[in-house]
Amino acid sequence: MTPLTPILASQFDSLEAALKHFFGYETFRAGQGAVIEAALRQQDLLVVMPTGGGKSLCFQLPALLHPGLTIVVSPLIALMQDQVMGLEVNDIAATFLNSSLDAATTQQRQRDLLAGRIKLLYVAPERLLQTSFLSFLDQVQTQVGLSAFAIDEAHCVSEWGHDFRPEYRRLAELRRRYAQVPMYALTATATERVRQDIIQQLCLQQPYVHVASFNRPNLYYEVRAKSRQAYADLYRDVRQRSPGSGIIYCLSRREVNELSARLQADGISALPYHAGLSDHARTLNQTRFIRDDVQVIVATIAFGLGINKPDVRFVIHYNLPRNIEGYYQEAGRAGRDGQSSDCLLYFSPKDIYTLEWLIEQKLNPQTGEALDQEQRIARQQLRQVIDYAESTVCRRTIQLGYFGETFAGNCGCCDNCCHPKPLEDWTIPAQKLLSCIARCQERYGLNHVIDVLRGSKNQKILQRRHDQLSTYGIGKDKTVDQWRLLARTLLHQGLMTETTDGYPVLKLNDLSWEVLRHHRSVYVPISIKATPTPEQPNDGLQQSTTGLFQRLRALRKQLADQQSVPPYIIFTDASLQLMAQQQPQTLVEFAQISGVGKRKLEQYGHQFTAEICAYLQEQGLAAAEVAATD
Ligand code: ADP
Ligand code: ZN
């Protein structure tokens, strides 16, 4: 390793010039520039950006422009290694210290640190707070200086977050010990409460706060009716998007195993991932996915934490998720690189029963009694997911609304905005349902009302003589699921109400009476059969650019395998697409591509431009041949 000459901000004309030099990007993403300027003023920071928003750059670039060492606290070894790998290919002096290293390597790295040869050190909180490590840091501070502490996944300090880690709490000790060193907190957490908690727990002082929108404009959201041929639909979805990487989430391990085996048998390279597999098998399957050896990973929600793969082109939920926040995070693993990607949710009313059953199993392990509070929260969350799935309004409006963000709607990139569902007039069935509720004296839940409508002969009906009601058996023409759909629609539209004390009883309101008196019509959105998405998996690229893109992808994979790194470490899909479109044939042209910094130009410029020239020549020859035979 060559000693690092101190790189100072004065070396560059502008922050953008530094960005291009180190990372190869021309412009900052929304918010990054202002955050970095605050960091250069030595302010504390709270940076909240959704997955893929570009948080890392907010501390990596300042680390390179400041003298001294930046410490990055990261909770997972896999994440540390991934980030360090990404920095190393850009020739940035970064390293990590964790339990995976032998003593000799650790000592060597510590010597490099004390000699000022490293700009960014990644470390887990447990190690950072060991007494011996803190004395080592004291030494670093006197010899080379500490420029900042960057706390990644900062929501781990909060009990209100979804991933509380007690050792994160102790990070405030750093603040006391190194009072002058700025502290940056970074997270993708969505809730205000956790944000406040982060500021408090880490004792941030008048931090510069940047909260980005949680909108992910490059993601296309769609909910599909899960039909009997769900597997055929899924297969087509995956095929259409080949060779793009994808994640398919299922509820159960059994389904994960079955689905991945079936896809394999049908010629799609897919591997399973769930908590029932051995650690070894899980790591192996994950690595093969990250390295593009397989196209698809079929997984339970055990998969995803610590996966940094930026070029996941689709995430399919083959079952209903448990809550909206979970759905947002899981679907959000698509398209971190900002390229268009698809998030598809297969919705079957059957899943509602399964999830309801799972909720009923939430018991206190000591007493075996039902956990009322947890069950109630889970039921409410499930209701919100169902609302989301059945809604006819812009999917983004609902998701962002859930996080307290107002979004005007009509995003142009979800199924409801692109293909509005046809509405059917169901006023008459609605009148039947509402009058049945009235006949039952507004004292029963939906299941009972449906039983009456469909003329069931069950005990409860007979005991209460509900088979004598005038509405008994008048609804045999509709299935249970259709009645449920109608009931949920009436509830969404406020045309009837339901008690919320844990014993849901249906009640009529003023609007219900308007329906019953023919003063108001009821329209129900009817899901159309899964719409085959138009064939444009590659962003509408022309045929020839698609061909070139595939060639460059193959070259990238070959180089990645030679260096034992994931392909995205070499270039992202976004960079490859630009190469395919702009077709740079010289190094000067190649340097203009976003993602090509100084180091990558030197290392890969020749091979990629040569591949582009070869491709264009072949195309030219082919075209000439066609012309000659015409
Ligand atoms: P986060 O940590 O917020 O999920 P990352 O820092 O991993 O996001 O960045 C996501 C992706 O966006 C990475 O592939 C990164 O290289 C890319 N990226 C970040 N900033 C920019 C930028 N200014 N221009 C282009 N790509 C960027
Ligand atoms: Zn929309």
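What you see is a predicted model; the values in this text were computed from it and never measured. When a ligand or atom number is given, it counts from 1 through the structure's own listing order.
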Quiz item: Only one of Arg396, Glu405, Gln399 forms a side-chain hydrogen bond (donor to acceptor under 3.5 Å, both in side chains) with Asn215, so which one is it?
Solution: Arg396

Practice problem: From the options Lys55, Glu153, His155, Arg195, select the one residue that forms a side-chain hydrogen bond (donor to acceptor under 3.5 Å, both in side chains) with Thr187. | Solution: His155

Carboxylate-amine/guanidinium contact [X] [Y], below 4.0 Å:
X      : Y      : answer
Asp311 : Arg313 : no
Arg336 : Asp573 : no
Lys598 : Glu602 : yes
Asp197 : Arg193 : no

Could you tell me whether [X] approaches ligand 1 through its side chain, its backbone, both or neither, with non-hydrogen atoms closer than 4.0 Å?
X      : answer
Glu26  : neither
Tyr25  : side chain
Ala574 : neither
Thr27  : backbone
Met49  : neither

Can you see whether [X] engages [Y] through a side-chain donor-acceptor pair at a distance of less than 3.5 angstrom?
X      : Y      : value
Gln201 : Ser158 : no
Glu330 : Tyr249 : no
Glu192 : Gln196 : yes

Quiz item: So is Gly338 in contact with ligand 1, going by heavy-atom distances below 4.0 Å?
Solution: no

What protein heavy atom is closest to [atom], reported as residue, atom name and distance in Å?
atom                    : result
atom 4 (O) of ligand 1  : Gly52 N, 2.6 Å
atom 17 (C) of ligand 1 : Arg29 NH2, 3.5 Å
atom 20 (N) of ligand 1 : Gln32 NE2, 3.0 Å
atom 3 (O) of ligand 1  : Lys55 NZ, 2.8 Å

[X] versus ligand 1: do any nitrogen or oxygen atoms come within less than 3.5 Å of each other?
X      : result
Arg336 : yes
Gly54  : yes
Asn308 : no
Phe28  : no
Asp337 : no
Ser594 : no

Quiz prompt | Atoms of the protein (N/O/S only) found under 2.8 Å from the Zn ion (ligand 2) | solution = Cys394 SG, Cys411 SG, Cys414 SG, Cys417 SG

Practice problem: Please report the shortest heavy-atom distance between Asn308 and Asp82, naming the atom on each side. | Solution: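 The answer is CB-OD2, 3.3 Å.
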
Practice problem: Measure across Ile71 and Leu69 and return the closest heavy-atom pair with its distance rounded to 0.1 Å. | Solution: CD1-CD2, 3.7 Å

[X] heavy atoms, cut-off 4.0 Å: which ligand 1 atoms fall inside?
X     : answer
Thr51 : 4 (O)
Pro50 : 3 (O)
Ser56 : 2 (O), 5 (P), 6 (O), 7 (O)

Practice problem: Starting from the C-alpha separation in whole Å, work towards a yes-or-no answer on ring pair (Phe, Tyr, Trp, His ring centres under 6.0 Å) for Tyr327 and Tyr388. | Solution: CA-CA 10 Å; Tyr327 180 67; Tyr388 173 79; 5.8 Å; yes

Quiz item: So, the side chain of Arg241 versus the backbone of Phe314: is there a donor-acceptor pair under 3.5 Å, distance only?
Solution: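 Side chain of Arg241 to backbone of Phe314, a donor-acceptor pair under 3.5 Å: no, none is there.
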
Quiz item: Does the Asp415 side chain pair with the main chain of Val223, one donor and one acceptor, at a distance under 3.5 Å?
Solution: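 Yes: the side chain of Asp415 pairs with the backbone of Val223.
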
Quiz item: Ring centres of Tyr328 and Phe403 under 6.0 Å apart?
Solution: yes

Quiz item: Do the ring centers of Tyr273 and Phe289 come within less than 6.0 Å of each other?
Solution: no

Quiz prompt | Any protein heavy atom < 4.0 Å from atom 10 (C) of ligand 1 | solution =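 So atom 10 (C) of ligand 1 has protein heavy-atom neighbours under 4.0 Å.
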
